[in-house]
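Okay, structure first, notes after.
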Amino acid sequence: MDEYLSIQDISCGYKSGFQLNNIRFSVKKGSFTGIIGPNGSGKTTLFKGISGELALKKGNILLNGQMLNKMNMRQKARHIAIVSQFTNIESIRVEDYILMGRMPYHKQFQLFETKEDKEIAAKYMEMTGIAHLRDKNREELSGGEQQMVNIACALTQEPDILLLDEPTTHLDITHQVQFMNLVQRLNEQLKLTVIMIIHDLNLASEYCDYLLMMKDGHIYKQGKPEDIITFENIEEVYKTVVVAKINPVSQKPVIFPVSEKRLKNININNLSS
Amino acid sequence: MKPNKPMRWILTIAILSIILMVSIAVSLCVGEVSIPFKGLASILSDTSSMEYGVLAYIRIPRTVLAFSIGGSLSISGAILQGIYRNPLVEPYTLGISGGASLGITFIIISGLYLTHILFMPLAGFIGALATILLVYTLSMRKGGLNTNRMLLIGVMISFIASSLIMFLMSVTTAENIHSIVFWTMGSLNESNPLLIRFMLIASLAGLAITYLFAMPLNALRLGEEKAKYLGINTTMVIKILFVLTSLLTGISISVAGIIGFVGLIIPHFVRLIIGNDYRIMLISSFLCGSIFLIVCDIIARTIIAPNELPIGVITGIVGGITFIFMLSRSKIQSKFM
């Protein structure tokens with residue numbers, strides 16, 4: 001089956017206020033999709049619709065041909081892992097935290113992790129490069145380490161689909177790139193289907209192979225980064241003047257913001273010339 | 001090198017059990033009539049002696065109650081703290097004890113408890129459950145749980161409940177007033193064997209059932225959202241645990257009156273010393289709560305002998321101070337809130 005996750009014309013939203021309308025897209029197995037759009041355009045709401053936190057008012061979500069909202073939470077947690085924007089930092093040992101990712105596979109009322117659980121947790125700690133942190137307390141970690149731990153916990157769920165909600169927002173460029181490279185490797189090596197909400201348009205363009213651009217609760221445009229990251233689209237959706245160029249190495253589009261002052265100068269220069 | 005987890009846990013349980021045994025032995029031996037520890041076995045086999053009477057009708061029932069009520073209140077606190085992700089909530093601070101008392105006062109005034117003694121725990125349970133649901137819905141409004149609001153609502157519910165109890169007392173007979181006062185003072189001096197047996201079974205069953213939810217409680221520590229992502233049906237788990245804590249608290253209060261802060265102090269110290277993994281924390285809280293209440297009871301009945309202090313006085317003083325102490329330690333707050 002080509003379309004692994006298929007969002008069929010869904011509408012959902014909060015009791016009073018914001019609504020998503022007629023969202024329709026599908027992602028292939030092993031693809032890397034980015035969701036971009038201004039604050040308040042409905043990106044996180046869309047995630048909540050997929051995760052089942054918000055009930056669908058209309059439409060269906062099919063996962064590998066199965067209706068997603070017919071599955072119970074445990075079944076869903078075996079297919080979809082979510083790393084959310086805000087995580088509560090509890091006082092807990094890193095390894096214990098990551099082992100919780102095995103909970104969807106535990107038997108009802110199981111009290112202890114199996115040896116297999118520990119091996120799987122160890123494998124993903126190794127893969128995300130945090131094996132040395134296993135005995136630390138989560139509270140002691142830096143922002144970059146936190147995100148690695150979060151993703152290791154999600155991987156321990158052994159999902160087919162990884163949903164990431166703005167995972168790089170609070171990271172410096174070193175950790176942003178490190179994190180995105182990791183996700184890219186996971187995407188390729190584990191054939192993990194990745195859907196990521198991302199604010200940084202240049203990272204989105206560089207790493208994603210498909211982009212959804214959201215505006216006011218609907219999808220404004222979707223397609224390859226080359227077709228989405230254009231100055232016309234960005235200016236229309238973000239209401240901001242930008243310049244788009246091509247990254248000479250990766251041949252992907254990049255966006256440059258322009259300050260108000262420069263913009264005025266350009267206009268005057270243009271008039272005088 | 002630290003010993004591995006299962007070993008450490010078994011060791012913890014073993015140590016706590018030994019301390020519990022010692023406190024039970026002291027509780028049985030100490031009092032107006034002091035009984036030598038070595039003589040315990042021979043006295044229990046001789047049903048005609050005066051010491052047998054003291055043990056069988058006074059000290060054993062008291063110790064059983066202290067054990068089961070201490071454990072029940074303590075795991076109730078541990079559960080509520082897990083659900084609300086706040087170390088300051090417990091049956092007393094959330095007003096659940098107040099709600100349960102109001103229910104029980106009703107039963108005393110209506111005289112229903114005379115028809116069957118188990119109406120008392122039933123009323124305690126209903127009062128507790130109603131309060132929990134009220135506090136939860138009121139503090140849940142508008143985008144998530146507001147902890148400060150919740151604690152304030154809890155305190156207010158306690159006030160309202162105690163005002164209503166006073167109102168009920170002012171319109172009832174002197175005899176009923178006596179019963180209510182006697183009961184609210186908080187004492188482990190309960191003579192009804194059915195009620196004692198009921199309390200013991202309920203507390204042990206409560207502990208066993210809570211263990212079925214040890215892993216979901218662990219996941220809830222990470223927040224309700226994360227627990228859902230890990231496949232936990234949080235709505236259902238929270239509902240079941242609410243009913244369970246209401247049962248444990250309501251029954252405890254119906255038997256012994258309000259004994260405040262046990263559910264606050266004990267889980268707090270268990271977290272500090274043993275850790276906050278619910279798989280070890282629940283049993284440790286239960287055992288520590290039992291030990292704590294048995295010791296408090298020994299103090300309550302010996303410190304001003306031959307008179308007896310209400311046990312709530314001791315737990316209230318210790319607990320109130322702990323509460324203020326915890327509130328002023330900002331690190332704990334940021335950890336949980």
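Quick caveat, the model's predicted, so the values are computed rather than measured. Proteins come first, then strands; the chains are lettered A, B, ... in the order of their sequence lines, and each starts at number 1.
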Taken to the nearest 0.5 Å, the spacing of B:K228 NZ from A:I82 CD1 works out to 10.5 Å
Is atom NZ of A:K118 surrounded by more than 12 heavy atoms (other residues, nucleotides or ligands) closer than 6.0 Å?
-> no
Might you point out which heavy atoms bring B:A219 and A:M100 nearest each other, and give the distance in Å?
-> CA-SD, 4.0 Å
Please report the closest heavy-atom contact between B:Y229 and A:S84, naming both atoms and the distance.
-> CE1-CB, 4.0 Å
Should the heavy atoms of other residues, nucleotides or ligands under 6.0 Å from CD of A:E119 be counted, would the total exceed 12?
-> yes
At what distance, to the nearest 0.5 angstrom, does CD1 of A:I92 lie from CG of B:L222?
-> 5.5 Å
Side-chain heavy atoms of A:S91 within contact of B:R271, under 4.5 Å | no
Taking NZ, NE, NH1 and NH2 as the nitrogens, is one of them in B:R279 or A:E113 under 4.0 Å from a carboxylate oxygen of the other?
-> yes
Please state whether the side chain, the backbone, both or neither of A:L163 comes within less than 4.5 Å of a heavy atom of chain B.
-> neither
Select one option (side chain, backbone, both, neither) describing which atoms of B:Y211 are under 4.5 Å from chain A's heavy atoms.
-> both
Within 6.0 Å of OH in B:Y92, more than 12 heavy atoms from elsewhere | no
Can you say whether A:F112 sits under 4.5 Å from chain B via the side chain, the backbone, both, or neither, judging by heavy atoms?
-> both
Output for pair (A:M73 CE, B:T234 OG1), nearest 0.5 Å, gives 5.5 Å
Contact winner vs chain B - A:I80, A:L111, A:N72, A:D96, heavy-atom pairs under 4.5 Å | A:L111
Within the distance-only criterion (no hydrogens, no angle test), does the side chain of A:R74 pair as donor or acceptor with the backbone N or O of B:N233 below 3.5 angstrom?
-> no
What do you reckon, is NZ of A:K57 surrounded by more than 12 foreign heavy atoms closer than 6.0 Å?
-> yes
Any side-chain heavy atom of A:Q110 sitting closer than 4.5 Å to one from B:M215?
-> no
Grab the two heavy atoms, one from B:I232 and one from A:M103, that are nearest each other, plus how far apart they are.
-> CD1-CE, 3.3 Å
Is the number of heavy atoms from other residues, nucleotides or ligands under 6.0 Å of A:E126 CD greater than 12?
-> no
Among A:K76, A:R93, A:E53, who wins on heavy-atom pairs under 4.5 Å with chain B?
-> A:E53
